[in-house]
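Only one structure is covered here, and it is reproduced in the block below.
In what follows, every chain begins at residue 1, and chains take the letters A, B, ... in the order their sequences are listed.
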Protein chains: 2
Amino acid sequence: MSRNEMTASYLKALGHPVRLMIARELIQGQKCVGEVESTLNIRQANASQHLSILKINGIVDCIRKGNLKCYFLKEPEKIEQLLDILERYQ
Amino acid sequence: MSRNEMTASYLKALGHPVRLMIARELIQGQKCVGEVESTLNIRQANASQHLSILKINGIVDCIRKGNLKCYFLKEPEKIEQLLDILERYQ
DNA sequence: TATGAATATGAAAATAATCTTATAAAAGGA
DNA sequence: TCCTTTTATAAGATTATTTTCATATTCATA
């Protein structure tokens, strides 16, 4: 997979409203699947699948905490910087 | 369309290998459809369609020059900054 | 080890994106 | 006006993504 394809895949992973919103939520701090599910008001399976796509693309990672699985941004500053650039008006 | 949806749509537009490569090419300077077509080795119709998606999302704009239609990045620095962040290794 | 809570996965249906071919439209020049 | 070049668009086939439901898995704890 070329660098261009890797970058495109990363952008595509973020380029879905639910996944982008998950990333925004995770800027605030880590969340378990159930919290993502209820915050975004989506089905559990769907939350899990979107998180999986973010994980595959290196955007999030997770740790198990007992019964829960907590997802967090791997590079929170990177996400913040991207959003800053994307959403500052010029 | 919410800000989140707008941003997701912008990311999605860039999140295709062909369109991302077009954006990279346009950092060098404006190109007409035929140049995009031959540089990326894709069909004319496909080049036109990808450019249209970039245009709808405010990533490129174009001017007619006689027979040709020249596409260019609307915010080249924004694209450069995004690529810098996405591809600098941390 | 059985149960319950949380998460992941498989499969199917619904929807959307992509690519191709054929053709239309726009503009310049003979 | 007719022809040529360039670009856009329509339509269809194909492929990919998204969502849902049902079920499996994982782990803690009774």
Side-chain angles (χ1 to χ4, degrees), chain A residues 1-2 4-23 25-26 29-74, chain B residues 1-2 4-23 25-26 29-74:
Chain A
M1 207 180 191
S2 70
N4 188 66
E5 286 169 328
M6 298 264 290
T7 303
S9 182
Y10 190 99
L11 288 167
K12 185 173 168 185
L14 277 182
H16 183 286
V18 167
R19 291 192 295 267
L20 183 60
M21 192 56 86
I22 291 174
E25 290 294 329
L26 296 186
Q30 57 177 31
K31 280 195 157 55
C32 70
V33 180
E35 287 175 313
V36 171
E37 176 190 351
S38 57
T39 304
L40 300 203
N41 196 29
I42 56 178
R43 312 265 167 172
Q44 180 275 319
N46 202 12
S48 182
Q49 286 158 342
H50 281 305
L51 286 165
S52 163
I53 289 168
L54 291 171
K55 187 152 182 279
I56 286 165
N57 283 277
I59 295 167
V60 305
D61 204 350
C62 62
I63 51 166
R64 181 169 282 282
K65 292 202 172 174
N67 222 4
L68 308 179
K69 236 167 152 182
C70 288
Y71 282 81
F72 56 89
L73 291 176
K74 283 184 82 172
Chain B
M1 207 180 192
S2 69
N4 188 66
E5 285 169 330
M6 298 265 290
T7 303
S9 182
Y10 190 99
L11 288 167
K12 185 173 168 184
L14 276 181
H16 183 287
V18 166
R19 291 192 294 266
L20 184 59
M21 192 57 86
I22 290 173
E25 291 293 329
L26 296 186
Q30 57 176 31
K31 281 194 156 55
C32 68
V33 180
E35 287 174 313
V36 170
E37 177 190 350
S38 58
T39 305
L40 300 202
N41 196 29
I42 56 179
R43 312 264 168 171
Q44 180 273 320
N46 202 13
S48 182
Q49 286 159 342
H50 281 305
L51 286 165
S52 163
I53 289 168
L54 291 171
K55 187 153 181 279
I56 286 166
N57 282 277
I59 295 166
V60 305
D61 203 350
C62 63
I63 51 166
R64 181 169 282 283
K65 291 202 175 175
N67 221 3
L68 309 179
K69 237 169 152 180
C70 289
Y71 282 82
F72 55 90
L73 292 176
K74 282 184 83 170

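Residues forming a side-chain contact (heavy atoms from CB on, under 4.5 Å) with A/Leu68 (at least two apart in sequence, or on another chain): A/Cys32. Under the rule for a side chain to side chain donor-acceptor pair (under 3.5 Å), B/Ser48 has no partner lying at least two apart in sequence or in another chain. In this view, B/Thr7 and A/Leu20, A/Arg24, A/Leu83, A/Leu86, A/Glu87, B/Arg3, B/Leu11 satisfy the side-chain contact (heavy atoms from CB on, under 4.5 Å) rule, not counting sequence neighbours. In this view, A/Lys74 and A/Asp61 satisfy the side-chain contact (heavy atoms from CB on, under 4.5 Å) rule, not counting sequence neighbours. For B/Gln49, the side-chain contact (heavy atoms from CB on, under 4.5 Å) partners are B/Asn46, not counting sequence neighbours.
The two residues B/Asn4 and A/Pro17 have their closest heavy-atom pair at ND2-O, 3.0 Å. The two residues B/Leu73 and B/Ala23 make their nearest non-hydrogen contact at CD1-O, 3.8 Å.
DNA chain C is contacted by B/Arg64 of residues 56-65 of chain B, taking any non-hydrogen atom closer than 4.0 Å. Within residues 7-20 of chain B, the residues having any heavy atom closer than 4.0 Å to DNA chain C are, in order of number, B/Lys12, B/His16, B/Arg19. Interface residues of residues 36-55 of chain B facing DNA chain D, ordered by number: B/Gln44, B/Ala45, B/Ser48, B/Gln49; criterion, heavy-atom separation under 4.0 Å.
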request  = Step by step, work out the side chain to side chain contact (heavy atoms under 4.5 Å, CB included) result for B/Leu26 and B/Phe72.
outcome  = CA-CA 6 Å; B/Leu26 296 186; B/Phe72 55 90; 5.6 Å; no

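The stretch residues 10-19 of chain A participates, sequence neighbours left out, in these side chain to side chain donor-acceptor pair (under 3.5 Å) pairs: A/Arg19-A/His50. Sequence neighbours left out, the pairs with a member in residues 31-53 of chain B that pass salt bridge (Lys or Arg N to Asp or Glu O under 4.0 Å) are B/Glu25-B/Lys31. For residues 62-71 of chain B, no pair satisfies salt bridge (Lys or Arg N to Asp or Glu O under 4.0 Å), with sequence neighbours left out.
To the nearest angstrom, C1' of C/dT7 lies 14 Å from CD1 of A/Ile22.
A/Tyr71 has no side-chain polar atom (N or O) that falls below the 4.0 Å cut-off from OP1 or OP2 of C/dA6.
For the atom pair A/Ile22 CD1 and A/Leu14 CG, the distance stands at 10.5 Å (nearest 0.5 Å).
Proximity of a side-chain donor or acceptor of B/Ser9 to a complementary backbone N or O of B/Glu5 within less than 3.5 Å is not detected.
Taking every nucleotide of DNA chain D with any atom under 4.0 Å from a non-hydrogen atom of chain A, the first and last of them, 5' to 3', are D/dT17 to D/dA28.
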